[in-house]
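Read the structure below first, then the notes.
Naming convention: chains lettered A, B, ... in sequence-line order (proteins, then strands); numbering from 1 in each chain. For clarity, every value in this text was computed on a predicted model and none was experimentally measured.
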There are 2 protein chains.
Amino acid sequence: MSRKEQIIKTALEMMRKLGYQGTSMREIASALQIEAASLYNHIESKEEILKETCFQLAAAFQSGIREVNDIYFNAGEKLAMAVRNHIAILTGNLDASFVFIHEWRNLSEPHLKEFIALRDAYENEFRLILEQGEEEGVFNEVNNKFAVLTILSSMNWVVEWYKPKGEMSPQEIAGKLTEFILTGLRKDKM
Amino acid sequence: MSRKEQIIKTALEMMRKLGYQGTSMREIASALQIEAASLYNHIESKEEILKETCFQLAAAFQSGIREVNDIYFNAGEKLAMAVRNHIAILTGNLDASFVFIHEWRNLSEPHLKEFIALRDAYENEFRLILEQGEEEGVFNEVNNKFAVLTILSSMNWVVEWYKPKGEMSPQEIAGKLTEFILTGLRKDKM
DNA sequence: CCTACCGATCGGTAGG
DNA sequence: CCTACCGATCGGTAGG
């Protein structure tokens, strides 16, 4: 791991606990047992940490959903795989994901606008899956914008409680979520 | 509106945009056209703003769910009414709700622990509804802890995109959400 | 509600 | 990677 990667990893751990604004460069440096000034030999600025994190994750999510929309066939499969990819990225990069979800608002322009555009593009890829499901006659006609936001929120909330050593694996979480999204709580009348 | 209420209202508007830590007492004062020092004649500290906001909203959510669990009868009705109450509180106090959801982590002890206890109690009241639904045979047997978190996340996400003058009213949002929670996306086989 | 001020801390740079 | 330092800003208090 390069020094830069070490710095970012340490910073993300601290930002998860204390927030972006609540984490000082001095504290990050101290955790690495160097002086604050030394950080700047490896990174440009505090914001670079946030920027790299947000954009790297956004790229991962994009490539996850593109793969799904390119390869799989029916909407049910696509949805399951999209959820699975999303949860895999979140749980595989917990600190980064937490910061991504909670702190992106601290990006300055023009990065903020760019980031929002990426997020909107991701939502749009998800929406395509729902539309396909309607065309196939397997999904209800719903307000798709609303449904996508609801689905994304329930996936993203996983970073709040997921524990790598907890009782549910990422695959199990993805499976439960997909089931919930598809069938809801109501018991089928038989 | 008392001066204190004015200060809190202004502070919440700013904190929604800039975050709790990103909002300074001087900026709040400036928006009210007074000096920062003058704020302290009306409030004890910056944290008091966050504390009052978080605990007042927590109390509102509690009383909303208690009412539901005390009055209504079947689980389906309870769920619908609980969602409706939750969305009504969120949309009726948008700035406060946004700060409540995003900034509670900035509470210092012992308030933080207290707040988490209130949040857990709220989750628990929700879980009772799901359990009742299972007993009545109308809800599927699911992982209730998981289901409650998913439901809460989809409700809370509403503060991210809700616009008072948008196309959906709070009641419509609550209705759509309840429908989604109960039946999901999958079309019934007929 | 203000002036005047406190100690602490911030992100970051110069120069080695 | 460090020492030494910059200007700016922070939450908050004393005293009127």
Lys/Arg N to Asp/Glu carboxylate O, [X] vs [Y], below 4.0 Å:
| X | Y | value |
| --- | --- | --- |
| A:K9 | A:E13 | yes |
| B:E136 | B:K78 | no |
| B:E167 | A:K145 | no |
| A:E160 | B:R105 | yes |

Separation of atom [atom1] in [X] from atom [atom2] in [N], rounded to whole Å:
| X | N | atom1 | atom2 | result |
| --- | --- | --- | --- | --- |
| A:K51 | C:dG11 | NZ | P | 16 Å |
| B:L50 | D:dG11 | CG | P | 13 Å |
| B:E47 | D:dC10 | CD | C1' | 16 Å |
| A:I34 | D:dC1 | CD1 | P | 5 Å |
| B:K4 | C:dC1 | NZ | P | 15 Å |
| A:H42 | D:dC2 | NE2 | P | 9 Å |
| A:Y40 | C:dC10 | OH | C1' | 9 Å |
| B:L32 | C:dC2 | CG | C1' | 15 Å |

### Query
According to a 3.5 Å limit on both distances, what stems of 3 or more consecutive Watson-Crick or G-U pairs are formed with DNA chain D?
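When the pairs of DNA chain D are grouped into runs of at least three, the stems are C:1-16 with D:1-16.
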
### Task
Report yes or no: does B:K176 contribute a side-chain atom to a donor-acceptor pair with the main-chain N or O of A:V142 at less than 3.5 Å?
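Absent.
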
### Query
Passes side chain to side chain contact (heavy atoms under 4.5 Å, CB included), A:Y162 versus A:I87? Steps please.
CA-CA 10 Å; A:Y162 174 72; A:I87 298 297; over 6 Å; no

### Task
Tell me, yes or no, whether the heavy-atom count around A:R16 atom CZ, taken from other residues, nucleotides or ligands under 6.0 Å, exceeds 12.
yes

### Query
Which residues, if any, of residues 8-31 of chain A bring a heavy atom under 4.0 Å of DNA chain C?
A:T23, A:S24, A:M25, A:R26

### Query
Which residue, B:N41 or B:E44, contacts DNA chain D at a nucleotide closer to its 5' end, judged by nearest heavy atom?
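Residue closer to the 5' terminus by nearest nucleotide: B:E44.
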
### Query
Can you name the residues that form a ring pair (Phe, Tyr, Trp, His ring centres under 6.0 Å) with A:F180, not counting sequence neighbours?
none

### Test item: A:M15 and A:E103 side chains (from C-beta on) under 4.5 Å apart, heavy atoms
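A:M15 vs A:E103: side chains apart.
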
